[in-house]
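Just so we're on the same page: letters track the sequence lines, and every chain starts at 1. Everything quoted here is computed from the prediction, not taken from an experiment.
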Protein chains: 2
Amino acid sequence: MTRNNAGLSADRIITEALRIIDGQGLRRLTMRRLGDALDVEAMAIYHHFPLGKEQLFEAIVAHISDVSGGSPGDADAESGEVGPGGEDGAAGGAGEPSDSRSWDERLRTWALDYRRALLDHAQALPLFIHRRPDTEAALRTRELHYAAFAEAGLGGADAVQAAAALDSYVTGAVIHEVRANGLPARDPAVVDGRFPHTAALSGIELDPRRRFTDGLDSLLASLRP
Amino acid sequence: MTRNNAGLSADRIITEALRIIDGQGLRRLTMRRLGDALDVEAMAIYHHFPLGKEQLFEAIVAHISDVSGGSPGDADAESGEVGPGGEDGAAGGAGEPSDSRSWDERLRTWALDYRRALLDHAQALPLFIHRRPDTEAALRTRELHYAAFAEAGLGGADAVQAAAALDSYVTGAVIHEVRANGLPARDPAVVDGRFPHTAALSGIELDPRRRFTDGLDSLLASLRP
DNA sequence: ACCTGAACACCGTTCAAGT
DNA sequence: ACCTGAACACCGTTCAAGT
């Protein structure tokens, strides 16, 4: 009922936008709908994101990408949805208790956390193709990767190549996992005869997480100099 | 000037849609603009794609995904843009002159062709995340992969896993190659000190195609049983 | 069968105005 | 500083109508 000061903030907007994306899909995130969900006129959003929807999209990508890469145990839960809101802020400085795990263990943790974050917001994935977060958190992640590879004995172009391979792997694996999750299982009459290998292998399903970790292990092994 | 029968066809619509996407970006592909480019009222498109834009998007994904996977020599040209229109039709049956090259050579050719197709239409990449073509051509590609892996000695779950890894690799590598092509090269003052590894490696650029083939070779080697 | 024209229920964004 | 309200130039899609 109060006309002004609705308690809007960039964080609240991002969280609500993500809820709409996760629940209804990317195309249904409109400024008007987002405004409604925030109990605010759509135009109020422009006060926090003056550059409009594109700026909001970038903030969403940055938000999802901001996985801690820490906490050794947390990466094992195959939870469906993670509670929103609590993952920012704390422990932001440069003085974390420097990680004592091996370089590959740290990268494994990051990869699993990042995969989970992407899967939890799979509807937002199209935003990631032409956008890369330009934030402190993104820099921390890069530093984490390069530091790990340095410890593994990779420097210079080798480290850059390795980091690219790791990033490519997680992205590609998640997209493969998400792509057309329910393919209509093509008419077997068409398959019969002309596509014998495909027919023979149809119906084989692999545990997605297992496949991810297997591929990841294989990649990390191949990077070891 | 003639009112009716403008010579519209699904193929012409797809080609023109792709031209708009490549030239102006995905969001600027609208039914009205597409109609204008085709010298037709926007609503005419619905006669060829009754399910509307979503059906058009699926057709575009299928069109781009339809790389022959044949012609051993063609994959080496790092051409910027390939002439549209000529890549369908011919040699569609099941009776191609069965490929005599080794299994990994055939997969390499497919991967390079597919990478080129994706790069040539990078603006369409967001469409690929939640859509997988359900066409004969897609089945042919799957069969090609499984046949190659069978020849390599991989069967059952191993072949499925290998095909997934190959698909993931190409997708992930292309997206990495395309993602935020012009990052503004972050303020070096911020980088200084707190991110030493990142600072040390900044400015290192690798030849994208070389990186792709190196990673591909490494993947194929790791799949060999 | 193939395309048009008008109409409907939306969009993102600007801009002046309110408090 | 923070939000509203009206307005502008668009959207995708339906539906009846033309040829």
Interatomic distance where CG belongs to A:D39 and P belongs to D:dC2 [whole Å]: 19 Å
Plane angle bin for A:W110 and A:Y114 - parallel if under 30°, tilted between 30 and 60°, otherwise perpendicular: parallel
Nearest-angstrom distance from the residue atom CZ of A:F57 to P of C:dC11: 13 Å
Note, A:L107 side chain near A:L144 side chain (heavy atom, < 4.5 Å): yes
Side chains of B:I21 and B:H121 in contact at under 4.5 Å (non-hydrogen atoms): no
Nucleotide D:dG12, atom P - distance to CZ of B:R28 in whole Å: 12 Å
B:I13 CD1 to C:dC2 C1', straight-line distance once rounded to whole Å: 11 Å
B:L29 or A:L8, whichever maps to the more 5' nucleotide of DNA chain D: A:L8
Side chain proximity check, B:L56 to B:L34, heavy atoms < 4.5 angstrom: yes
Filtered N/O pairs between nucleotides 13-15 of chain D and protein, under 3.5 Å:
residue, atom, partner, partner atom, Å
D:dT13, OP2, B:Y46, OH, 2.7
D:dT13, OP2, B:K53, N, 3.1
D:dT13, O5', B:Y46, OH, 3.3

Identity of whatever pairs with C:dT19 - Watson-Crick or G-U, under 3.5 angstrom: D:dA1
Donor-acceptor pair, side chain of A:T15 and main chain of A:D11, under 3.5 angstrom: yes
Polar side-chain atom of B:R33 near backbone of B:R28 as donor-acceptor pair, under 3.5 Å: yes
Counter-base of D:dA7, judged by Watson-Crick or G-U geometry with both distances under 3.5 Å: C:dT13
Nearest listed nucleotide, side chain of A:T30, among D:dT4, C:dT4, C:dC11: C:dC11
Integer-rounded Å distance: C:dA17 C1' and A:H47 NE2: 14 Å
Contact under 4.0 Å: B:H48 side-chain N or O vs C:dA1 OP1/OP2: no
Nearest-Å distance for atom pair CG/P, residues A:L26 and C:dC11: 14 Å
Any side-chain heavy-atom pair of A:L125 and A:V174 under 4.5 Å: yes
Whole angstrom value for the distance that separates P of C:dC2 from CZ of B:R12: 14 Å
Atom-to-atom span, CD of A:Q55 to P of C:dG12 - whole angstrom: 15 Å
